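Take a look at the structure below.
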Amino acid sequence: MIKVRFAPSPTGFLHIGGARTALFNWMYARAQKGTFVLRIEDTDQQRSKKEFEEEILRSMKWLGFDWDELHYQSQRFDIYREHAHRLLDEGKAYKEGEAIILKMIPDQEIKIYDLIRDEITFDSSDLKDQVLMKSDGSPAYSFCCVVDDALMEISHVIRGEDHISNTPKQIMIYNALGWKVPKYAHLPLIMGEDGSRLSKRNGAVAVSDYKNQGFIAESLVNYLMLLGWSPGNNQEKTTLEAAVKKFSIKKVNKAAAIFSMEKLRWLNNQYFKEMKTDQLIEILKENLQERKVDMNLVDDAQFRELVDLYKGRLATLNDFYDWTDFAFVSDVKISDELKSKYLAAEKCEILKKLADALAGVGQFDASTAESVFKQTVESSGHTSKDYIHPVRVALTGKEVGPSLFHIMSILGKDKTVSRLNHVSI
Ligand code: GLU
């Protein structure tokens, strides 16, 4: 029976590294029809915080990693104490004040069987005696980790490579307790693109921050999978369901994985492009509501057109409003910088002419707007190319964006005409 666990300490938010560990455990459990345990390692009463624990549980749910069992180490102190006392009684541990310490037996070859790294060998002579229970009565991390993994019958310990150095100590604790050692899989480190350890600066922010930035769970999970594993055939975009069918711990890389924000943005954009418009509309509306955007000036038909026009360039949900804010207000704000760059007096005169010409159009749509624009600009002796930017700035307050004439059509005749006139005053 396969049983794995994800064992976060609620001393911080769930970060990319932790989420990747959770995912690989979860995928392994589901692939093997095993059990996935979530164990909150909250023995450090000073540093463990309720808000971190809540955020971890919320993020796990958001990512879709459901668990079969949930345990809290803070509720298991009696169990740890009992086993520490057993080791005392058996003469394998000793007391130093209130602390209980395991004697290390020297000259033992400790072998770790690691599914990713094969065999790793340590010499027990390199290990110091191990604190099991601290003098304040709380258990030490390695001790409760071993007691729990054994009593919870964890078959495979899948965790970050940074825990390799704890593994020989933990094996010595298993041996002292007379318990069977589980199999291990130490996942490769995740580094930033600059080759340094993942930090806040290069992407190691909380999972909830990615949610707040407008990444969607499916694409973040898909990206996490790629940090050390690949579905094969150079395939990158895959569903969790399909990945579970293919997932094998043995195929996880030894080499460090590189976290690339650009790649994550690219993947998120792929998800938006392939998403049904109705679904995208729904999640974008939720995003705008969360951001307290007043949506009264945009009706459903306009909203749909905006989504169709912009979805190709969205890397995050938040990008949508950053690009389309001009459509949700009556008057667009134009920075002084863009005004002086594109809206000199002679340019504004032509924009005013364009406003007059557009005002006279009966059927106002993208293709009519385009031909009126060309006619007006060219009949005044200018080239259309030179007026694309000024018109775009006048209508949207931005230098770049998708098809200008579709934007005109979405804004409608009245707003288009008034914005072109407005800058010309
Ligand atoms: N609580 C440990 C941590 O957050 C995990 C320990 C383990 O997976 O063995 O790093």
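Since we're looking at a predicted model, the values are computed, not measured.
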Pair Ser418-Asn421, side chain to side chain donor-acceptor pair (under 3.5 Å): steps then yes or no:
CA-CA 5 Å; Ser418 112; Asn421 266 327; over 6 Å; no
Just checking, any donor-acceptor pair under 3.5 angstrom between side chains of [X] and [Y]?
| X | Y | value |
| --- | --- | --- |
| Asp194 | Ser196 | yes |
| Thr35 | Asp68 | no |
| Ser9 | Glu41 | no |
| Asp365 | Ser409 | no |

On the 0 to 90° scale, with breaks at 30° and 60°, tag the [X]-[Y] ring pair as parallel, tilted or perpendicular.
| X | Y | result |
| --- | --- | --- |
| His83 | Trp179 | perpendicular |
| Tyr342 | His389 | parallel |
| Phe13 | Phe52 | perpendicular |
| Phe259 | Tyr223 | perpendicular |

[X]/[Y] ion pair, N-O < 4.0 Å:
| X | Y | value |
| --- | --- | --- |
| Lys50 | Glu53 | yes |
| Arg291 | Asp322 | yes |
| Asp325 | Lys398 | yes |
| Lys285 | Asp300 | yes |

Of all pairs that satisfy salt bridge (charged side-chain N to carboxylate O under 4.0 Å, His left out), the ones with a partner from residues 233-243, not counting sequence neighbours:
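Every salt bridge (charged side-chain N to carboxylate O under 4.0 Å, His left out) pair that includes a residue of residues 233-243, provided the two are not neighbours, is Glu236-Lys263, Lys237-Glu274.
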Reported [atom1]-to-[atom2] distance for the pair [X] and [Y], which is rounded to 0.5 angstrom:
| X | Y | atom1 | atom2 | answer |
| --- | --- | --- | --- | --- |
| Ile158 | Phe24 | CD1 | CZ | 9.5 Å |
| Leu224 | Leu23 | CG | CG | 6.0 Å |
| Leu187 | Arg20 | CG | CZ | 4.5 Å |
| Leu177 | Leu102 | CG | CG | 8.0 Å |

With Asp149, which residues qualify under side-chain hydrogen bond (donor to acceptor under 3.5 Å, both in side chains), at least two apart?
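By the side-chain hydrogen bond (donor to acceptor under 3.5 Å, both in side chains) rule, Asp149 matches Arg5, Arg39.
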Verify side chain to side chain contact (heavy atoms under 4.5 Å, CB included) between Trp266 and Gln270, making sure each step is shown before the conclusion.
CA-CA 6 Å; Trp266 171 82; Gln270 297 297 308; 3.2 Å; yes
Please step through side chain to side chain contact (heavy atoms under 4.5 Å, CB included) for the pair Tyr72 and Leu70, ending with a clear verdict.
CA-CA 7 Å; Tyr72 290 84; Leu70 174 63; 3.7 Å; yes
Checking Arg86 now: which residues fulfil salt bridge (charged side-chain N to carboxylate O under 4.0 Å, His left out) with it, not counting sequence neighbours?
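Glu90.
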Between Tyr387 and Lys347, is there a cation-pi geometry (under 6.0 Å to ring centre, at most 45° from the normal)?
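Judged by the rule, Lys347 and Tyr387 form a cation-pi pair.
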Applying side chain to side chain donor-acceptor pair (under 3.5 Å) to Ser219 and Asn268, what does each step give before you reach the verdict?
CA-CA 5 Å; Ser219 98; Asn268 216 44; 2.3 Å; yes
Establish, yes or no, whether a centroid distance under 6.0 Å links the rings of [X] and [Y].
| X | Y | value |
| --- | --- | --- |
| Trp229 | Phe247 | yes |
| Tyr321 | Phe328 | yes |
| Phe215 | Tyr271 | no |

In the structure I gave you, are the side-chain heavy atoms of Tyr80 and Phe143 within less than 4.5 Å of one another anywhere?
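Of all side-chain heavy-atom pairs linking Phe143 with Tyr80, at least one is under 4.5 Å.
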Taking atom CD of Glu337 as the centre, report whether more than 12 heavy atoms of other residues, nucleotides or ligands fall under 6.0 Å from it.
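Result for CD/Glu337: open.
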Do other residues, nucleotides or ligands put more than 12 heavy atoms under 6.0 Å from Lys183 NZ?
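Atom NZ in Lys183 is not packed in, count stays at 12 or less.
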